[in-house]
Amino acid sequence: MEEALKQESTARHILIVDDDPTSRRLFGSLLGSAGYEVIYAGNGDLGREMARRFHPDLVLLDINMPGSDGIKTADLIRNEPGSPAADVPIAFLTNADLSLEAQTWMKEVGVTEYIQKGVSNEEFIERVKKILENAKKKSA
Amino acid sequence: MNKKTIVSATNNTILKLKVLAKKKEGVRSKLVVTAKKLATTAEEKESVRDRLVVTAKKLAATAKEKESVRRKLLVTAKTLRLKARQLAATAKEKESIRGKLAVTAEALRLRAKQLAATAKEKESVRDKLAITAKQLAVTAKEKESVRRKLLVTAKALRLKAKQLATTAKDKENIRDKLAVTAETLRLKARQLAVTAREKESVRDKLVVTARQLATTAKEKESVRRKLLVTAKNLDVKAKQLAVTAKKVESANRELRSLDLAKDEFVSIASHQLRTPLTALKGYTGMLIDGDAGPLNDKQREYLTEIKNANDRMINLITALLNVSRVDLGVFVVEPEQINLQNVAESALKDLELRINEKKLLINKNFEKDLPPVNADLNIIRMVFQNLFSNAVKYTPPEGSITLTIKKNGFNILISVTDTGYGIPKDAQPKIFTKMFRADNARVKDPDGTGLGLYIIKETIEKTGGKIWFESKENKGSTFYVTIPLKGMKKKEGSRRLELK
C-alpha cells in the first residue's frame, strides 16, 4: 500500500495550456507515453485556474493564445498577490519564429525556460526532463 | 836573635800574610766578579755580535730591496715624468675649457636672470590659474549635474528614437503606397480634366444660349429650361466627384492597413502553417518509433515518405520566413568573435553521411594565423551549410570539394570549389534570385527550396560582404564569399534568421 502510494506521489503532473487542440493532443500523447500525467486547459484563464487548483509539477504555456496570451497568464500566475500557484514551475511553448520582443517579455515576467514546438519528439521529452530537474534544484 | 823577635817577626809576617791573604781574597773576589763581568760582557758581546750579524744580513737584504725599489722608483719616475707631461697638456686643455666655461657661466648668469623674470611671470599666471581652477571646479559641478540630467534625457531619447525608427519604417511603406495612390489620383485628375472639358463645352453652350436669349423670349424660355437641366447635371457630377473623393480616401486607408497587415501576415501564416506541420512531425515520429505498436515494412516505408515530405515543407516555410525577414529588413545581426574554421568544420560534419556515401574527397586550406572575425553566427552557419550542401548535392560520386579560407586585402575570403555538374551559362545570371533552380539542379535535387542562395546573398551583402561564383558546365563551380575584417555591424531587428 505504502509502495503504491509512493509510486502515485512520484508521478509528475504536467498542465498543458494551448488554444490549439491538435497541439494539446500531440504534446499530451508525447508526455503520456513518457510516463507523465497530463491535464489540459484551452485558454489562459482556465489555465490559471487549473494551476491554482491542482498545483502541477510543471505548466507548459503556449504564448500565442487569444484573450489572455501566454505572457499575460504567466504574469498573473507568478505575480498576482496572494496567488497560491506562484511557485509552480512554468515553461513557454514557442514557435521558432519567436520575436526578440517576446523574449524580452519572457524575461520581464520571470520565466526563463522555453521549449520550441518544432523540435523532435526525443528532444521535447529531454527538455521537459531537464526543466523538471532544474525546478527541483531550485526548490531544494 | 831571640825567639821573641822571631816570633814577633813571624807574627808580623803571619799578620802580613793574613793581610795579603785577605787582599788576595779580596782581589780574587774582585777577579771573580771581574771574570764574571767579563764572562757576561763576553756573552753580551757574543749576542751583540750575533745581533750585528743578523742586522748585517738584514741590512744586506734591505740593501737589495732598496736596490730593486730604487729601480722601480726609476721606472715610476719615468712614468711620472710622462704623466706630468700629459697632465701639462691636460692642464692646458683644462685652461681653455675653463676659459669657455667662464663664457658659458656668463651666459648662464644671464639666463638665470631671464628665468628669474619668467618665474615671476609664471607665479602671477599660476595665481590666475588657481582662481580659474576654482571657477572651473564650480563649473565642473554644474556640468556634472547637467550631464546627469542629459543622461536621463538621453535614455528617454534613445527609447523615442527606437519608437521613431519603427514609425519611420511604417511611414516609408505608407509613402510607397501613397506613391501608388498618387498615380491613381493622377488618373482621376485626368478624368476630372475630362469632366472639366465637358464643363467647358457646357459653358460654351451656355454662352451660345445666352446670345440666343438676347433674340427670342421663347428661346429664352427653352434656354432657361435647358439651363435648369444643365444645372441638375452639374449637381449630379459634383456628387459623383464627392463619392470618388471618398473612395480614394478609403482606398488610402485600406492600403495603409494592408501594409501593416502584410507584416503580420507572414508571422501569422507561419504560425498557422507550423502548428499542423509540428503535429505531423510529432505523430509520424511516434508511429515510426513504434509508440503505437510494431510496424510492417510497407507501413514504415510509407510513414518515412510522409515524414520526408513533412520535413521538406518545414524547410520551405523556414526558408520563406527568412526571405520575408530579409526583404522586410527586420532580421537581427548580432556579431560575436567567431572562428570561421570551426563553423565550417561543424557544417561539414553535418554532411558527413552524404559525403561518405558519395565517397567525396574534402580538401581544407586554412591560411595560418587567421584572425577571428566579428560576425553573426547564424549568418555564417547558413553560408557554410548552404555552400557545402550545394557542393555535395551537385558533385558526382568520387568528386572533390575544396574549402579555402584566407585573408584578402581588407577581407576574409572564403571559397568552396567542387568538381560537380557546374551551372549552365544561361542559368548563371539568375542563380541568386528567389526560387530559381537551374534545370540540371532540379534533376539532381528535386527537394531544394531554391531560396538558399538568395538568402545568403542578401544577408552577406547587407552586412558588408560580397558573394559571387565561377562555373563551367560539367567541370565544376567555385563560390566566393568575403567578410570584412573589421567585422559585421550590429543591427537591431525584431526577428532572428532561422537555421534548418
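From a predicted model like this one, the values you see are computed outputs, not experimental measurements. In the text below, chain A, chain B and the rest are named by the order of the sequence lines, each starting its count at 1.
- The environment of NZ in B/Lys462 is crowded: more than 12 heavy-atom neighbours from other residues, nucleotides or ligands sit within 6.0 Å.
- Here the shortest heavy-atom pairing between B/Thr278 and A/Phe27 reads CG2-CZ, 4.5 Å.
- The CG atom of B/Leu277 sits 11.5 Å away from the OG1 atom of A/Thr22 when rounded to the nearest 0.5 Å.
- Of all residues spanning residues 288-303 of chain B, those with a heavy atom less than 4.5 Å away from chain A's heavy atoms are B/Asp289, B/Asp291, arranged by number.
- For B/Lys489, the side chain to side chain contact (heavy atoms under 4.5 Å, CB included) test picks out no residue, with sequence neighbours left out.
- Taking all atoms of both residues into account, the shortest heavy-atom contact from A/Leu26 to B/Gly282 is CD1-CA, 3.7 Å.
- Around the CG atom of B/Leu151, the shell of radius 6.0 Å holds more than 12 heavy atoms that belong to other residues, nucleotides or ligands.
- Surrounding NZ of B/Lys307 are at most 12 heavy atoms belonging to other residues, nucleotides or ligands under 6.0 Å away.
- The two residues B/Met286 and A/Ser33 have their closest heavy-atom pair at SD-OG, 4.3 Å.
- Scanning both residues, B/Thr275 and A/Ser23, for their nearest heavy atoms gives CG2-OG, 3.2 Å.
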